[in-house]
Amino acid sequence: MNDKSKEITLYAYVDEFLEFGYQDYFPYEKCLKLTTIIKDDYLNNSFNEPEGCKTQNIDINISDKNRHIIYKSIICNYTEINLNLIEILISIFEEIEPKDKFNINKLEDIHSSYIRSYDAPILINYILMRERMRLLKSDLILSEEERKHAWMKITANLDNNGDSYFYETFNSDDKKIKNITITDIEFIHGEELNRSKSISTLDENKLNFFIENVDIKFYSFHVGQGMCSLLTNGDKGILFDMGAGKPILRKDYTTLITNELANKLLNKLNAVYIFLSHLDSDHSRLMEWEISLGNNINFQEKIINIFIPHMQKSLSFKNEKIIEKIIEIDKDIFIKNNLIEMNIHRSNPNKVKKNNDCIIIKINFNNNKILIPGDYVYKEMYKDNNDNIKSIPTEKFNIIIVPHHGDEASSEKIPTPLDGNSQAYFSAGTHLGYNHPRKESIQGHEEKGFKVIHDKQCSVIKIAVSTK
């Protein structure tokens, strides 16, 4: 008999963000990573209030049982689910590599080697049946009309032996990890997430005079499967992405033997801005770790603003601790003072995808030209409708944070080194699903003339590249 006292219900906004990764806590398995809110906050639409609400991170183990629950829910709620969402879920639960993404429009061509579970053929045959009945087109129309309202209702039991878990985010007062067993998942339509405020002229003016000290330095860090860089004068700093990933796990964050970002630099800063290229957690989760777990107890108060690409929506950024700091960037911004020039470019791709819908940063100071492109690969920049981005592959840099952790696509249209000491840093870890950096990208940057830097096995946070 189910003990209702142990039952919990969480709601995840899944329209735009579904991530595959590894659990940071036992049993350390592959998982579906989601941000959730509790039932009352969902029903009251607290996530869209100016003050925000509490949020949780949930890691759902990709087990046979949970796969069965997900696939059953897709069949039961088929007309309610965006087809792209179905593709992503099947790709995650069948552990299909990103380059071989499951294509719902080519079901007849699905190779048997892609299918790992007994449930998948049942689901695929169901979708094929809908297509043969010519209902797929009407399903697509319905989904596209309501695709901005896709939520996942997750029912689970608190269970010390459960293979999944959740925890409160951005909350230093509640650090407890709560293990759970998933009992049901339902796809529903709820309210769309409201947008954050856009950057103002006042915000731009503040940035112009933020860093004024003559001794400016730039650092990029080993953070595993993530990205994080810092521009600082020793008193103030601008962080460009603040993510981390395997082999660096959340549970180990406070006990790392070395954490040069937090203990050598962040603890000395009195104020910081954070620019996130896009909202994937491998570009932002380190911010949550530092606020919730870090020894810099005032880090949350040090953050002036968190800049994100406009139109991107993630439940994580509706958290009550950071919601008022979020500002959207919807245009190119040029910051310039006597010491530094920073160009912030908002992408405008022909076909919007998760990795090209982003902010790209270029920094010029003390004869340094630095490129921080997030996950936007060079060959795609070359086709962007923003001329300031389109020209980047033809420019020269002496420090490049290689896009998308050095995937195979980043081996093409590589910019030119500024000088003989120019560096290309591959910020990647041991995530087996991606296997970054790829040899094609490493070789491509070397042949172009860059000094290549990478250490995917690095299990501490330390400086990888820096300016003199």
Side-chain angles (χ1 to χ4, degrees), residues 2-3 6-14 17-38 55-77 81 85-98 102 114-120 122-123 151-169 175-187 224-226 244-253 280-282 285 288-289 315-316 429-434:
N2 185 29
D3 184 353
K6 294 184 177 181
E7 186 175 271
I8 61 160
T9 303
L10 300 172
Y11 292 78
Y13 185 74
V14 295
F17 279 89
L18 279 177
E19 292 192 45
F20 160 75
Y22 288 83
Q23 293 174 314
D24 285 278
Y25 299 91
F26 186 83
Y28 310 112
E29 299 288 351
K30 295 176 182 177
C31 67
L32 174 64
K33 290 181 169 289
L34 299 168
T35 300
T36 64
I37 55 176
I38 62 173
T55 59
Q56 305 82 36
N57 278 0
I58 182 171
D59 287 353
I60 299 177
N61 192 309
I62 300 180
S63 64
D64 290 340
K65 179 183 176 183
N66 292 337
R67 183 187 292 112
H68 177 77
I69 291 172
I70 284 280
Y71 288 179
K72 179 182 176 182
S73 182
I74 290 174
I75 292 174
C76 292
N77 306 125
I81 310 174
L85 181 59
I86 295 175
E87 287 182 343
I88 296 172
L89 284 167
I90 294 176
S91 293
I92 289 174
F93 277 87
E94 297 302 316
E95 301 177 34
I96 299 172
E97 287 194 31
F102 183 87
Y114 287 175
I115 305 305
R116 297 172 182 263
S117 71
Y118 293 110
D119 291 315
I122 297 173
L123 178 57
W151 289 75
M152 187 184 287
K153 179 182 176 183
I154 304 164
T155 306
N157 288 329
L158 294 171
D159 179 358
N160 290 335
N161 297 315
D163 63 3
S164 302
Y165 57 80
F166 74 96
Y167 53 85
E168 297 291 330
T169 55
K175 301 179 182 180
K176 186 177 180 182
I177 307 302
K178 304 169 182 71
N179 284 81
I180 55 176
T181 296
I182 306 296
T183 58
D184 188 47
I185 290 175
E186 180 183 356
F187 292 94
Q225 188 70 27
K246 202 172 181 183
I248 298 174
L249 303 178
R250 188 180 191 268
K251 75 174 185 65
D252 301 324
Y253 184 65
D280 279 3
S281 63
D282 63 329
R285 64 168 65 99
E288 191 276 323
W289 296 0
L315 205 51
S316 297
T430 55
H431 191 302
L432 295 178
Y434 298 117

Can we say Lys175 and Glu168 salt-bridge, meaning some charged N sits less than 4.0 Å from an Asp/Glu carboxylate O?
->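 Salt bridge flag = no for Glu168 with Lys175.
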
Lys/Arg N to Asp/Glu carboxylate O, Lys33 vs Asp24, below 4.0 Å =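 Looking at Lys33 and Asp24, the cut-off is met.
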
Do the numbers put Lys246 on top of the ring of Tyr22, so that NZ or CZ is under 6.0 Å from the six-membered ring centre and no more than 45° off the axis?
->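 Yes, Lys246 and Tyr22 form such a contact.
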
Output yes when a side-chain donor or acceptor of Gln225 lies under 3.5 Å from a complementary backbone atom of Gly245, and no otherwise.
->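 No; judged by distance alone, with no hydrogens or angles, the pair does not exist.
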
Do [X] and [Y] have side-chain heavy atoms sitting under 4.5 Å apart?
{"X": "Asp163", "Y": "Thr181", "value": "no"}
{"X": "Ile74", "Y": "Ile81", "value": "yes"}
{"X": "Glu7", "Y": "Thr155", "value": "yes"}
{"X": "Ile58", "Y": "Ile154", "value": "yes"}
{"X": "Thr36", "Y": "Thr55", "value": "no"}
{"X": "Ile90", "Y": "Tyr71", "value": "yes"}
{"X": "Phe187", "Y": "Leu85", "value": "yes"}
{"X": "Leu34", "Y": "Asn57", "value": "no"}

Plane angle bin for Tyr167 and Tyr165 - parallel if under 30°, tilted between 30 and 60°, otherwise perpendicular |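 Ring orientation of Tyr165 relative to Tyr167: parallel.
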
Test side chain to side chain contact (heavy atoms under 4.5 Å, CB included) on Asn179 and Leu158 and set out the steps.
-> CA-CA 6 Å; Asn179 284 81; Leu158 294 171; over 6 Å; no

[X] versus [Y], closest heavy-atom pair with distance:
{"X": "Asp282", "Y": "Glu19", "value": "N-OE1, 4.4 Å"}
{"X": "Arg250", "Y": "Ile177", "value": "NH1-CD1, 4.1 Å"}
{"X": "Gly429", "Y": "Pro247", "value": "CA-CD, 4.1 Å"}

Could you give me the CA-CA distance, side-chain angles and deciding distance for Thr169 and Glu288, then say whether side chain to side chain donor-acceptor pair (under 3.5 Å) is met?
-> CA-CA 7 Å; Thr169 55; Glu288 191 276 323; 5.2 Å; no

Is the Tyr11 to Trp151 ring centre distance short of 6.0 Å?
->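 No, the ring of Tyr11 stays outside the 6.0 Å limit from the ring of Trp151, centre to centre.
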
Aromatic ring proximity, centroids under 6.0 angstrom, Phe93 and His68 =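 No: the rings miss the under 6.0 Å criterion.
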
Step by step, would you call Ser73 with Glu186 a side chain to side chain donor-acceptor pair (under 3.5 Å)?
-> CA-CA 6 Å; Ser73 182; Glu186 180 183 356; over 6 Å; no

Decide if atom OH of Tyr25 counts as having more than 12 heavy atoms of other residues, nucleotides or ligands within a radius under 6.0 Å.
->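 Enclosed: over 12 neighbouring heavy atoms sit under 6.0 Å from OH of Tyr25.
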
Neighbour count >12 (heavy atoms, 6.0 Å) for atom NZ, Lys178 |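 It does: Lys178 NZ has more than 12 such atoms within range.
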
Applying side chain to side chain contact (heavy atoms under 4.5 Å, CB included), run through Cys31 and Ile60 and close with a yes or a no.
-> CA-CA 5 Å; Cys31 67; Ile60 299 177; 5.6 Å; no

If we ignore angles and hydrogens, is there a donor and acceptor under 3.5 Å between the side chains of Thr35 and Ser316?
->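 Per modelled atom types, Thr35 and Ser316 side chains form a pair under 3.5 Å.
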
Partner of Leu32 under side chain to side chain contact (heavy atoms under 4.5 Å, CB included), chosen from Leu18, Asn61, Ile88, Asn66 |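 Testing each of Leu18, Asn61, Ile88, Asn66 against Leu32, the sole residue satisfying side chain to side chain contact (heavy atoms under 4.5 Å, CB included) is Leu18.
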
